[in-house]
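Report on one structure; see the data block that follows.
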Amino acid sequence: MAINGWRVMWLIAAYDCPVSTREARSAYQRFHTLLQEENFSQHQYSLYVRHFPTLAAAQAEAEKLGKAVPDGARAAFYFITDKQYGMTREFFGAQPTEEKPSKPQQIELF
């Protein structure tokens, strides 16, 4: 099966967690660590992206992460195709910090 840019998906996780108490900061840190363990790339402070081979895989990951959202936090998961992600434009200041995450070199099976 050929790779189709309209079927390959990017999952964008955006969240806002309260950090007013020690417990809230700890819950935020656990969610942040979970995103990193799930191979998301940090795009901005509370915005992470990850590439998925299919919409179903991206939806399953969003369901998994949705159950881990800390109490009092708000998270949104956006699904966009690889073609749509490729059309995004990013602008950096005089000293760019990072570039847009690239597609993985290997196809993920699971």
Side-chain angles (χ1 to χ4, degrees):
M1 182 167 84
I3 296 174
N4 183 327
W6 296 105
R7 293 185 188 267
V8 175
M9 300 298 294
W10 286 85
L11 178 60
I12 300 173
Y15 63 92
D16 185 21
C17 294
V19 290
S20 55
T21 65
R22 184 177 185 163
E23 292 79 21
R25 283 191 296 275
S26 179
Y28 159 77
Q29 188 60 43
R30 283 193 302 274
F31 189 67
H32 171 82
T33 302
L34 176 62
L35 287 169
Q36 291 178 326
E37 289 173 352
E38 294 293 321
N39 296 320
F40 278 79
S41 298
Q42 187 172 18
H43 193 65
Q44 292 184 1
Y45 192 67
S46 295
L47 194 136
Y48 288 75
V49 297
R50 184 178 162 193
H51 185 262
F52 285 90
T54 64
L55 175 61
Q59 288 174 329
E61 183 70 19
E63 289 298 320
K64 177 181 176 181
L65 292 172
K67 294 175 184 171
V69 173
D71 291 340
R74 173 181 272 181
F77 301 99
Y78 303 95
F79 304 91
I80 63 172
T81 66
D82 190 49
K83 289 280 190 187
Q84 292 169 324
Y85 188 75
M87 291 187 283
T88 59
R89 297 292 174 258
E90 294 183 63
F91 300 93
F92 299 93
Q95 294 181 345
T97 55
E98 291 185 25
E99 293 185 11
K100 186 176 183 177
S102 61
K103 283 190 231 179
Q105 296 300 315
Q106 295 180 316
I107 298 173
E108 295 178 49
L109 297 177
F110 301 100

For Cys17 versus Tyr28, what's the shortest heavy-atom pair and its separation?
CB-CD1, 3.8 Å

Could you tell me the separation between the CG atom of Leu35 and the CG atom of Leu47, rounded to the nearest 0.5 Å?
10.0 Å

State whether the number of non-hydrogen atoms from other residues, nucleotides or ligands found under 6.0 Å of Arg74 atom CZ is greater than 12.
no

Checking the side chain of Arg50 only, and the main-chain atoms of Leu11 only, is there a donor and an acceptor separated by less than 3.5 Å?
no

Checking Phe31 against Val69 for the side chain to side chain contact (heavy atoms under 4.5 Å, CB included) test, could you report, in this order, the C-alpha distance in whole Å, the side-chain angles of both residues, the deciding distance, and whether it holds?
CA-CA 7 Å; Phe31 189 67; Val69 173; 4.0 Å; yes

Has Gln84 got a side-chain atom pairing as donor or acceptor with Thr81's backbone, closer than 3.5 angstrom?
yes

Look at the aromatic rings of Trp10 and His51 and report parallel, tilted or perpendicular, splitting at 30° and 60°.
perpendicular

Shortest non-hydrogen contact from Pro18 toward Ala24
O-CB, 3.2 Å

Shortest non-hydrogen contact between Met9 and Thr54, atoms and distance
CG-C, 3.7 Å

In terms of heavy-atom contacts, does OH of Tyr78 have more than 12 from other residues, nucleotides or ligands at under 6.0 Å?
no

Going by distance alone, is a donor N or O of one side chain under 3.5 Å from an acceptor N or O of the other, for Ser26 and Arg30?
yes

Val8 and Phe52, any side-chain heavy atoms less than 4.5 Å apart:
no

Angle between ring planes, Tyr15 versus Tyr48, binned at 30° and 60°: parallel, tilted or perpendicular?
parallel

Any chance you could lay out the side chain to side chain contact (heavy atoms under 4.5 Å, CB included) test for Gln36 and Phe40, step after step, and finish with the verdict?
CA-CA 5 Å; Gln36 291 178 326; Phe40 278 79; over 6 Å; no

Hey, is the main chain of Tyr45 close enough, under 3.5 Å, to the side chain of Gln42 for a donor-acceptor pair?
yes

So Arg7 and Lys83, do their side chains get closer than 4.5 Å, heavy atoms only?
no

